[in-house]
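These notes are about the structure you will find just below.
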Amino acid sequence: MQQTKVVDMRGITKRFPGITVNDGIDLSLLQGEVHAILGENGAGKSTLMNILFGLYQPDEGEIRIHGKPALIDNPNTAIRLGIGMVHQHFKLVQPFTVAENIILGSEPRRGFSISYREAVRRVEDLSRQYGLNVDPNARIEEISVGMQQRVEILKTLYRGADILVFDEPTAVLTPDEIEELLDIMRSLVRQGKSILLITHKLKEIMEIADRVTVIRRGKVIGNVAKAETNPSQLAEMMVGRSVSMAIDKKPIEPGKPVLQVERLVVKGREGAPAVNGISFTVREGEVVGIAGVDGNGQSELIQALTGLRKAESGEVRLMGADITNAAPRAISETGMGHIPEDRHKHGLVLDFSLRENMALRTYDKKPFKRYGLLDYAAIDKHAQELVEQFDVRCPDIYTQARALSGGNQQKAIIAREIEKGPELLIAAQPTRGLDVGAIEYIHRRIVEQRNKGKGVLLVSYELDEILSLSDRVLIIFDGQIIGETRPEETNDRELGLRMAGSRLDKDAERSHAG
Ligand SMILES: Nc1ncnc2c1ncn2[C@@H]1O[C@H](COP(=O)(O)OP(=O)(O)OP(=O)(O)O)[C@@H](O)[C@H]1O
Ligand SMILES: [Mg+2]
């Protein structure tokens, strides 16, 4: 059967001041396929999809939808043409229910408005049809990130979308949620939908995509059928060189304690303890990984260590100094770097320029402030150096942080936090949203911190990342550390089981034996 093109983008060019973001891009989506778009951070993927969804106008090129030329001047036009987009940062109203969010903003039908009851019924039908399992009456603030994403999917289906665009949908999901999302996508294409999928995860592409278009610096590098490619070829097409994920880590003897956490208790959102009496130490020259299923106290632990959340009891020491419940700034000055989980809330000031963000924590110190005045030349030089070293792709250092691509925002934060030379680096999901080339680089820099005799505390849902970077792995479950292991003593399967709360582990055996 000859498949028809539901989307046909031809010669799309988009320029922003100082940069051509899309440069004559051709992209087509066939009926019933999953088409992956792969490319480095800043390659122009989100921009291309925002053009398809009517958020930007191309400077050149044409778009056909179901064979007909289309002028997509705003998202409402896109929706009328059957295009739905699931953005990486969700746009849901927290105190509202699922059904309320879904009817919100959908155009009321002429003559009568949709009743809530009717909406609930339709949401239930759609949810059942595509295996989404969403409760229409649940409030957004009460449901998990994975569920919230399903609400975004439902929103597009409710509005009649048959062309779905997903922009890095799995970056915010846990491994189990990713599997479920891939199932949902399979069910969508089985029922006639067509999907454009942006992802940095080659494993996912190999699992779900039919074809892949690779974009580098705004240009299409190639278009391949999944069946005719493999992950290393894709990685090479994308970054223009071969990528190695192997990490060269020489054994070193850990030194003095850098971070000491004693019987820490931290309350969660509902007031019950999310961290329930945790004790551990990170030493000089050591990467300590925290492995666990999302929601077992990781976020609250890190927030308490970095001064973003109050500790109820217990003690935190950094380089011997008591920093329990100290202000974030004081903690940072005692010698802590922090790559936060939520880069928009805690990492960057989006309205500030890149150069200001690079000096965010240090602008009032030498060399940036001299004789009471800000030395902009020094600030600029510093920002320029970081941008080059960490390969932050941007028009220039005066660009607003908001205008950087997601991955480049992340690289900017990492650059700033590593560069200030902290004794302890806390890295929460450090490579979320990064392309494979950038991940390779960031991993090397994290190990380099350790090799220099600094301490690193790593929290990640990517078990591969935990196992390749850590010297020791702590397993967190239900607010407690329930076990400890070393990468060379375990594997992702065993670790996954222990994270699910199985206490039948080596520690238990050891203590029984002893
Ligand atoms: N409104 C804007 N003004 C100026 N430059 C912009 C704007 N939006 C995006 N850019 C630039 O366009 C380039 C491409 O950004 P885009 O978000 O499309 O990248 P991406 O491929 O989605 O990357 P990532 O994988 O990091 O999400 C980046 O260099 C970014 O700084
Ligand atoms: Mg993007």
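What you are looking at is a predicted structure, and each value in this text was computed from that prediction instead of being measured. As the structure lists them, so they are numbered: ligands from 1, and atoms in each ligand from 1.
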Considering the heavy atoms of [X], write down every atom of ligand 1 situated less than 4.0 Å from one of them.
X: Tyr56; result: 1 (N), 8 (N)
X: Gly44; result: 14 (C), 18 (O), 19 (O), 20 (P), 21 (O)
X: Leu404; result: 31 (O)
X: His200; result: 25 (O)
X: Gly406; result: 26 (O), 27 (O)
X: Ile19; result: 29 (O)

Return the residue, atom name and 0.1 Å-rounded distance of the protein heavy atom closest to [atom].
atom: atom 16 (P) of ligand 1; answer: Thr47 OG1, 3.6 Å
atom: atom 12 (O) of ligand 1; answer: Val21 CG2, 3.1 Å
atom: atom 17 (O) of ligand 1; answer: Ser405 CB, 3.4 Å
atom: atom 8 (N) of ligand 1; answer: Phe16 CE1, 3.4 Å
atom: atom 27 (O) of ligand 1; answer: Glu168 OE2, 3.4 Å
atom: atom 23 (O) of ligand 1; answer: Gly42 N, 2.7 Å

Do [X] and [Y] have side-chain heavy atoms sitting under 4.5 Å apart?
X: Leu196; Y: Leu27; answer: yes
X: Ile184; Y: Leu132; answer: yes
X: Asp471; Y: Val288; answer: no

task: Would you kindly specify which portion of Asn41 sits under 4.0 Å from ligand 1, judged on non-hydrogen atoms: side chain, backbone, both or neither?
output: both

query: Is a side-chain N or O of Gln31 found less than 3.5 angstrom from the main chain of Gly192, in a donor-acceptor match?
result: yes

With a 4.0 Å cut-off on N to O distance, would you call [X] and [Y] a salt bridge?
X: Glu40; Y: Arg393; value: yes
X: Glu168; Y: Lys201; value: no
X: Glu236; Y: Arg241; value: no
X: Arg355; Y: Asp380; value: yes
X: Lys91; Y: Glu152; value: no

- prompt: Which residue from Lys45, Arg15, Lys14, Gln400 reaches closest to atom 20 (P) of ligand 1 through any of its heavy atoms?
  reply: Lys45

Heavy-atom nearest option to atom 22 (O) of ligand 1, drawn from Pro17, Gly18, Gly218, Ser46: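 Nearest option to atom 22 (O) of ligand 1, by heavy atoms: Ser46.
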
- prompt: Mind checking whether Ala403 has an N or O less than 3.5 Å away from an N or O of ligand 1?
  reply: yes

Contact (N/O only, under 3.5 Å) between Pro395 and ligand 1: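 No - when backbone and side-chain N and O of Pro395 are compared with those of ligand 1, no distance drops under 3.5 Å.
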
message: Any atom of ligand 1 sitting under 4.0 Å from a heavy atom of Ala43?
response: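 Heavy atoms of Ala43 do come under 4.0 Å of ligand 1.
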
Sub-4.0 Å heavy-atom contact, Gln409 with ligand 1: no

task: Decide whether Ser353 and Gln400 meet the rule of one side-chain donor and one side-chain acceptor closer than 3.5 Å.
output: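 There is no such pair (donor and acceptor under 3.5 Å, judged by atom type) between the side chains of Ser353 and Gln400.
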
- prompt: Do His443 and Glu465 have a side chain donor and acceptor closer than 3.5 Å?
  reply: yes

- prompt: Closest approach of Glu33 and Arg211, non-hydrogen atoms and distance?
  reply: OE2-NH2, 2.8 Å

task: Indicate if the distance from the Mg ion (ligand 2) to the nearest N, O or S atom of Asn41 falls below 2.8 Å.
output: no

